[in-house]
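First comes the structure, then the notes that go with it.
A note on names: the letters A, B, ... follow the listed sequences, proteins ahead of strands, and every chain is numbered from 1. Everything numeric in this text was worked out from a predicted model, so none of it was measured.
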Amino acid sequence: MTEKIPHIDGILHATGKARFVSDLPKQNGMLYVYPVFSKIPKGIIKNIDFEDAKKVEGFVDIITYKDIPGENDIGEMEKGEPVFPEREVEYFGQPVCAVVCKDYYSAILASKKVKVEYEELEPILTIEKAIEKNSFFNPPLKIKKGNTRKGFLESDFIIEGEITTPIQEHFYMETQSCRVIPEEKGFKVLPASQSPTEIQEHIAPVLALPINKITVEIKRIGGAFGGKEHSPTLFTAICAIASYKTKREVELRLLRDHDITATGKRHQFKAKYKCGFTKEGKIKALEYEIFSNGGAYADLSIPVLERCVLNAENCYFIENFNLKARVCKTNYHPFTAFRGFGGPQGTFFAEYILNEVAKKLGKDPFEIRFKNLYKKGDITPYSQKLEECYLDIIFNKIKPVYFDWKRKAIEFNTKNKFEKIGVGVAPIKFGISFTTKALNRGYALVILYPDGSVSVSHGGVEMGQEVSTRVAQIVSKILGISFDKIHIESVNTKVIANLPPTAASTAVDLNGNAARKSAEILRKRLEKIAKRIFKEEFNIDCKKIEFKDNFAHCNGGKIPIAKVINKALWEREKLAEYQFYKTPKITGFNKEKGKGKPFLYYVHGIAISSVKVDLLTGEYKILKTKIIHETGKSLNREIELGQIAGAFVQGAGWLTTEDMVYKDGVPLSISPSTYKIPTISDIPEKFDIEIFESNSKYASVFGSKGIGEPPFLYGHSVFLAIKNAIESEGGISNLMPPATPENILKAIDEAKNNG
Amino acid sequence: MMAKEEIIFFLNGEKISFNIEKIKHFSLLDFLREDLKLTGSKKGCSEGDCGACTVVIGEYSPIEKRIVYKAITSCIYPVFKIEGKHIITIEGLAENGELNQIQKAFVDNHAIQCGFCTPGTIMSLLGLLLNNANPDNNEINKALSGNLCRCTGYKSIKNACKDITTKHFKKPEFIKKTEKDLKKNRRKGGKLIPKIPNSPIKKYIIPETLDEALSILEKEKCKIFNGCSDLLVRINKGEDFFERVIDISQLKELKFIHKENNKVKIGGNVTFQEFIDFARREKLNQLIEFFEFIGSKQIRNIGTIAGNVANASPIADSAVFLLATDANLTLRSKKGKRKVLLSKFYKNYKETELKQNELIESIEFEIPQGKVSYIKTSKRKEVDIASVNSCIIASIQNKKIKDVSISFGGVFPYPVRIYNAEELLKGKEINDETIEEAAKICARSVKPISDVRGSEEFRRKLVYNQVIKHFFTLRKGK
């Protein structure tokens, strides 16, 4: 299925007609709610003074925890996350209460005039401090395979070290926003959220209503990347309480500064490792002790940790493996889902260590990787068997390019004193499926109309990953009805319900398969009718009917599909089909045992990058990147290329320019002027992406594979290239991401001293 | 000066006269979205740094004596500046139901994912193409660096750009048609807008003449607005409360660039982009390269050089360059004018010589005859504020330094010259030792602090290394 299919709403976007929440028409009398954010990382609320806020023109009301009619709790995986804290604030930026005003600007102004008095308490602001205070969200998660003690004995070398990965802000372009509209019974909720069901299930108890009194509807959201999986629940709850109290339509929209200050981010991780290997470079044993910074509330930290540990060996077969991992409870905003969901951190550890092994042996990192690669049939540390593996094919494809770049870099480096080029390599093997088995389910409702047009509702929220385009494409293909006649509806929890979040690169696998099933059933029904028409009107006995280009074709004759649907209607056939899909063959991950078969399949690939570093200023430029990415069968080539490019750039940003700076628990880089995501000028000058179509038998719809998250890991190649450039003269640095000019300069000094 | 009831402007080819009393929002973006219900332009950051709100403005340029087009971030553009101008938004671009070439290229090249940044990016590209139908890769990067996209990784956007530039870009008919009216309807200025809803501003004055402006400044305490690229950010966030504002951006007397021999004099209203365009006409390539590293295209289109200087940021890019040229400022008040050396203008952090009743009338500097080297070290190459920036202008004869000036930003409460390092170098032969000695002096002379853009230690190291890099570049003869 590789014909060119455009973005289903491309024209709407290009003409400015596509609407996001805050673009929806506003009813007269609509109000705006704005939270008051905590100004300290930890403390007891002594008093809240609204007097000055009340003087702001347009002021309407205040909202505190006392206005919550139901439960003051929106915890998703674990209970205990309040909408507004009743006694203690747990992080800087936590909403303490809110104000409601007639217009947006007044709401911001009034919120700033609310005075909150605190009794400050000592916060936990580092992973080390959390460990010292025994402040954790979970008992240690363990994965064990073989016997590492034996592995170390068989090793010629053992290296040990510590790796840290940085916090990353999602920086979706549309900030957290939602609208809540009171209805006859209950509320209509329009959030910018990836988790319509989570919103519905949490708003109901907050408002002390049954779930069926809350309707959540989402047309599209302006980017999410995991940042709209759990984070919107809090803000939607605040908006809902305001609407409940004022009985009016209310909008909430965060300013960028507050969005960055108050919402969850990618977890900071720290790993202590010990790796044993032979002089040939074969890894014999790997031990990890991993900690993540979970922030003040559990949020999705435990499942994020799970995916980190399921990726901590990345592409490498390791005979003896031993891992322990915990989430630290600290006084930061909660950390949450972010593209890759712990996978980027886990694989970064592995790739970092592989480079250290190569350096210790004086061998090329590419060779060391190749030597340790997984092969088909190998068993992972969590005991899933690799039924398929394309790593060696991909490695061999890219090998000549890698060594050519490497040779050119060495040539350049001998001629240049203050500028050095480094080359980095990062392969991937990324499992697709939610590691929580129950979430692997999709829904779709397909409705046929007698004019030959089609309505499709499904459980995937459109956030730029183009799940809508792809689901429409699948339905179009099966029914033979042209793409432009397929209408994808908003996700509405009264139509499609009990959904998992749109996440984990599974949206098309799950919902696309459900839509496929619906369409296939409808098609069978139409075939029967079409055969009858061919017989009655053309006297043709059809064995096989082809549905294509809005016609049913048989033996050279054709009838419009609209006509077939129309006849089906008159013959009282069912013209709608609601189908359900659950991922087969998986067991989920059993965290008590540290084992399972959590993934339906893996996505494979490799990236190499060549980066030029200025040794005097620590600045750098990505010169070239080449990616080979395995997709199974390509479903929509352009969408896949777009996802790969976007994920790579975001992944590279995480490890380089994107520096979340905090001081004593206070986020400082809270706007685009201080938090720098890549611009058009930061992408590789030469940027080559090749799609490798495999014949994977485990792949999903029409043989395709999930695409959203895996390519994020290609960004590792940029960081490793920078480190390689710094160490090009033989020194050893301890460069940790983000590779800002400041960190690079420090690393250059280290390399000089260790040369 | 009279209060006028109507504000007249052109919107997507249509002449609009809008009752001022009905304007309920201060920024052009909010005016478009809330008052006119044109929600195609998006709000991503409220500080002009993400580009989602970009629109194109067509106006008559007194410097170039023709209609020019600029992409601007409408979130930090006061709505009252639009009088007599052509505002082009995403909604107006498709003509007779047919997509414009740029829109079509974005759809065809799959350059749209979540779509939130799409309208702004298309408008930035329109701004570029209206001035230059065949831009090269660098020009495209410069025009689009102020448009953040978190989905595409920009590859498909670049493909869309390539697609358009290989075809012939045609100026849309409604834009051409409006140009005649724009020439006729040049703004008159001279107005006082009383209270601005949804803002702290109680009085907004747009004087028509310099005299008028100076009289107002003499009489009342006003905040001077020009490009507003910094001030409106603070208003949007509810942080600053300028009650009385004087917007001097319409004063024709301050809109000029004169060049005589080697001296350039630029008026207080000259934007970065106007200066870059001038430098391009005069083939001052070094200056183009440097000024194009300031802000984004949208910011360069509205921000003025005088504003950048007056804002007194310790890291002001243009100040660092101007300091090295020994630039002079002419400060003007009702009582007369006085000249102040830029190096004497800064007194302390955010404190300058500028008095309450004065404005910067012009900036005068000499085009460097020696070699110029400018370094800006920041986390990101484009649209970023430096950790440390510096400029060295040196004339070198027979390997000896005849004259040199060294200026630094980001390492002192205001941009500074390092005179003792200059003294050391003058008359010396360039070699590694002298340069290292000068670098050491520079590093010793500065007083950096630690903040979000870098630690004190890092900044000191950068000062040293930038000096080394400057001379490495200068010696290479670049």
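What you find for S124(B) and N147(B) is that their closest heavy atoms are OG-OD1, 2.6 Å.
Each of E462(A), Q643(A), Q465(A) was checked for a side-chain contact (heavy atoms from CB on, under 4.5 Å) with Q113(B), and the lone residue meeting it is Q643(A). Residue R150(B) forms a salt bridge (Lys or Arg N to Asp or Glu O under 4.0 Å) with just one option from E658(A), E174(A), E169(A), and that option is E658(A).
Between I622(A) and F687(A) there is no side-chain heavy-atom pair separated by less than 4.5 Å. Counting heavy atoms from C-beta outward, E690(A) and H629(A) have side chains that stay 4.5 Å or more apart.
At a 4.5 Å heavy-atom cutoff, the contact between K112(A) and chain B is made by side-chain atoms alone. Only the side chain of D614(A) comes within contact range of chain B, with at least one heavy atom under 4.5 Å from a heavy atom of that chain. Contacts of D259(A) with chain B are absent, with no heavy-atom separation under 4.5 Å from either backbone or side chain. Heavy-atom distances place the backbone of M463(A), and not its side chain, under 4.5 Å from chain B. Only the backbone of L615(A) comes within contact range of chain B, with heavy atoms under 4.5 Å apart. Contact annotation for L24(A): neither backbone nor side-chain heavy atoms come within less than 4.5 Å of a heavy atom of chain B. Of the atoms belonging to E466(A), it is side-chain heavy atoms, and not backbone ones, that fall under 4.5 Å from chain B. Only the side chain of L255(A) comes within contact range of chain B, judged by heavy atoms closer than 4.5 Å. Looking at L109(A), the atoms closer than 4.5 Å to chain B (heavy atoms on both sides) all sit in the side chain, from C-beta outward. When heavy atoms are compared at a cutoff of 4.5 Å, K26(A) approaches chain B solely by way of its side chain, counted from C-beta outward. Looking at T656(A), there are no atoms closer than 4.5 Å to chain B (heavy atoms on both sides), in backbone or side chain. In this structure, chain B has a heavy atom under 4.5 Å from the backbone of H170(A), while its side chain stays farther away. Contacts between I102(B) and chain A at a heavy-atom distance below 4.5 Å are absent for every atom of the residue. With a threshold of 4.5 angstrom between heavy atoms, D23(A) approaches chain B through its backbone and through its side chain. If you measure heavy-atom distances from I375(B) to chain A, the contacts under 4.5 Å come from the side chain alone. Heavy atoms closer than 4.5 Å to chain B are found in the side chain of I108(A), but not in its backbone.
In summary, the side chains of Q466(B) and T377(B) do present a donor paired with an acceptor at a separation below 3.5 Å, with no hydrogens or angles considered. Side chains of E742(A) and S455(B): a donor on one and an acceptor on the other come within 3.5 Å. Counting only N and O atoms by type, the side chains of H25(B) and Y105(A) include no donor and acceptor under 3.5 Å apart.
The ring of H13(A) has its center no closer than 6.0 angstrom to the ring center of F116(B). Checked against a 6.0 Å centroid threshold, the rings of Y172(A) and F225(A) do not count as neighbours.
Looking only at heavy-atom pairs under 4.5 Å with chain B, the residue among T469(A), T617(A), V649(A), I260(A) that has the most is T617(A). For the set L668(A), T15(A), T674(A), T657(A), the entry with the most heavy-atom pairs within less than 4.5 Å of chain B is T15(A). Note on E91(B), E47(B), K381(B), E34(B): by heavy-atom pairs under 4.5 Å with chain A, the leading option is E47(B). The choice from K142(B), K237(B), K461(B) that makes the most heavy-atom pairs within less than 4.5 Å of chain A is K237(B). Taking I112(B), D108(B), T118(B) one by one and counting their heavy-atom pairs under 4.5 Å with chain A, the maximum is reached by I112(B). Across I639(A), T175(A), D257(A), the residue that shares the most heavy-atom pairs under 4.5 angstrom with chain B is D257(A). For chain A, the option among G115(B), G40(B), P200(B) with the highest count of heavy-atom pairs below 4.5 Å is G115(B). Among S378(B), C117(B), C114(B), G153(B), the residue making the largest number of heavy-atom pairs under 4.5 Å with chain A is C114(B). Note on I385(B), L148(B), L144(B): by heavy-atom pairs under 4.5 Å with chain A, the leading option is L148(B).
For the atom pair CD1 (I677(A)) and CD (Q168(A)), the distance works out to 9.5 Å, reported to the nearest 0.5 Å. Distance CD1/I235(B) to CG/D230(B): 11.0 Å, rounded to 0.5 Å.
Salt-bridge formation is detected for the pair K43(B)/D30(B): a Lys NZ or Arg NE/NH1/NH2 atom is positioned less than 4.0 Å from an Asp or Glu carboxylate oxygen. A salt bridge links K676(A) and D384(B); the closest N-O separation between the charged side-chain nitrogens and carboxylate oxygens is under 4.0 Å.
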